[in-house]
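This report concerns only the one structure given below.
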Amino acid sequence: MTIKLVGAIIVVGASSILGFALAAPFAQRPRVLRALQAGLERLETEIDYGLVPLPAALRRSARGLAFPASRLLETAADELETGDGLTAGEAWTRSLEHWDRESSWNAEDREILGEIGGWLGSSDRENQKRHLRHVLDRLKYQEALARDEQSRGERLFKYLGVLGGLALAIILL
């Protein structure tokens with residue numbers, strides 16, 4: 001009997017861990033979107049008041065941000081500084097492609113972030129600020145959707161993990 005009880009506890013524990021692991025990406029996406037917003041708000045301030053080259057503005061904007069938002073901005077700055085003759089838009093696109101696999105953002109988030117490459121560094125300060133504001137508004141909307149998705153999906157996978165493990169343990173007993 002004690003072996004069955006220990007086995008049931010192991011099954012419930014393992015399925016609970018699996019449920020919590022499957023729920024983790026739901027919690028990560030809103031955090032990443034919030035960090036991206038903070039970085040882009042800093043970039044807007046740097047563009048407006050900093051009067052520094054774009055790579056320096058990108059690096060300053062990346063300070064203190066969570067991964068992958070910080071690495072996205074830093075990689076774009078690195079791409080600009082390589083001397084390959086890339087435009088700011090091309091550097092941004094390369095950086096976005098590089099960190100796309102490492103991030104939790106979805107295709108729509110990627111599309112919104114991809115828009116930045118079309119005008120970054122290629123228009124005047126006011127136009128860049130206007131575009132950044134537009135992107136920030138869209139990212140805020142995406143964050144709200146991600147928080148809704150988080151509350152539903154995270155709870156679902158956690159409950160499924162625990163209750164599925166309990167059901168399996170009952171069946172095996």
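Bear in mind the structure is a predicted one, so any value in this text is a computation, not a measurement.
- Panel note: side chain Trp92, backbone Leu72; no donor-acceptor pair is recorded below 3.5 Å.
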Show your reasoning for whether side chain to side chain contact (heavy atoms under 4.5 Å, CB included) applies to Leu58 and Glu74. CA-CA 6 Å; Leu58 287 166; Glu74 289 171 0; over 6 Å; no
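- For Leu40 against Val135, the heavy-atom pair with the smallest separation is CD1-CG1, 3.9 Å.
- Residue pairs meeting the side-chain hydrogen bond (donor to acceptor under 3.5 Å, both in side chains) criterion with at least one partner in residues 15-32, sequence neighbours excluded, are Arg29-Asp109.
- Judged by distance alone, the side chains of Gln128 and Arg125 never bring a donor and an acceptor atom under 3.5 Å apart.
- Leu145 shares a hydrophobic cluster with Tyr141; the chain of contacts runs through ILVMFWY side chains whose heavy atoms sit under 4.5 Å apart.
- Remark: Phe67 engages Trp99 in a ring pair (Phe, Tyr, Trp, His ring centres under 6.0 Å) (not counting sequence neighbours).
- Within a 6.0 Å sphere centred on CD1 of Ile3, heavy atoms belonging to other residues, nucleotides or ligands number 12 at most.
- Formation of a donor-acceptor pair under 3.5 Å by the Glu90 side chain with backbone atoms of Thr87 is found in this model.
- Other residues sharing the hydrophobic cluster of Ile10, ordered by chain and number and joined by side-chain separations under 4.5 Å: Val6.
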Going through the distances and angles, do Glu143 and Arg147 end up as a salt bridge (Lys or Arg N to Asp or Glu O under 4.0 Å)? CA-CA 6 Å; Glu143 181 189 6; Arg147 290 209 186 280; 2.9 Å; yes
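- By the side-chain hydrogen bond (donor to acceptor under 3.5 Å, both in side chains) test, Arg42 pairs with no residue at all, sequence neighbours left out.
- Partners of Asp48 according to the side-chain hydrogen bond (donor to acceptor under 3.5 Å, both in side chains) rule, which considers only residues two or more places apart in sequence or in another chain, are Lys129.
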Could you walk me through whether Arg59 and Asp78 pass the salt bridge (Lys or Arg N to Asp or Glu O under 4.0 Å) check? CA-CA 9 Å; Arg59 285 194 197 288; Asp78 291 343; 2.4 Å; yes
Would you please test Leu113 and Leu139 for side chain to side chain contact (heavy atoms under 4.5 Å, CB included) and show each step? CA-CA 9 Å; Leu113 292 170; Leu139 285 176; 4.1 Å; yes
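- In terms of heavy-atom proximity, Ala91 sits nearest to Ala76 at CB-O, 3.7 Å.
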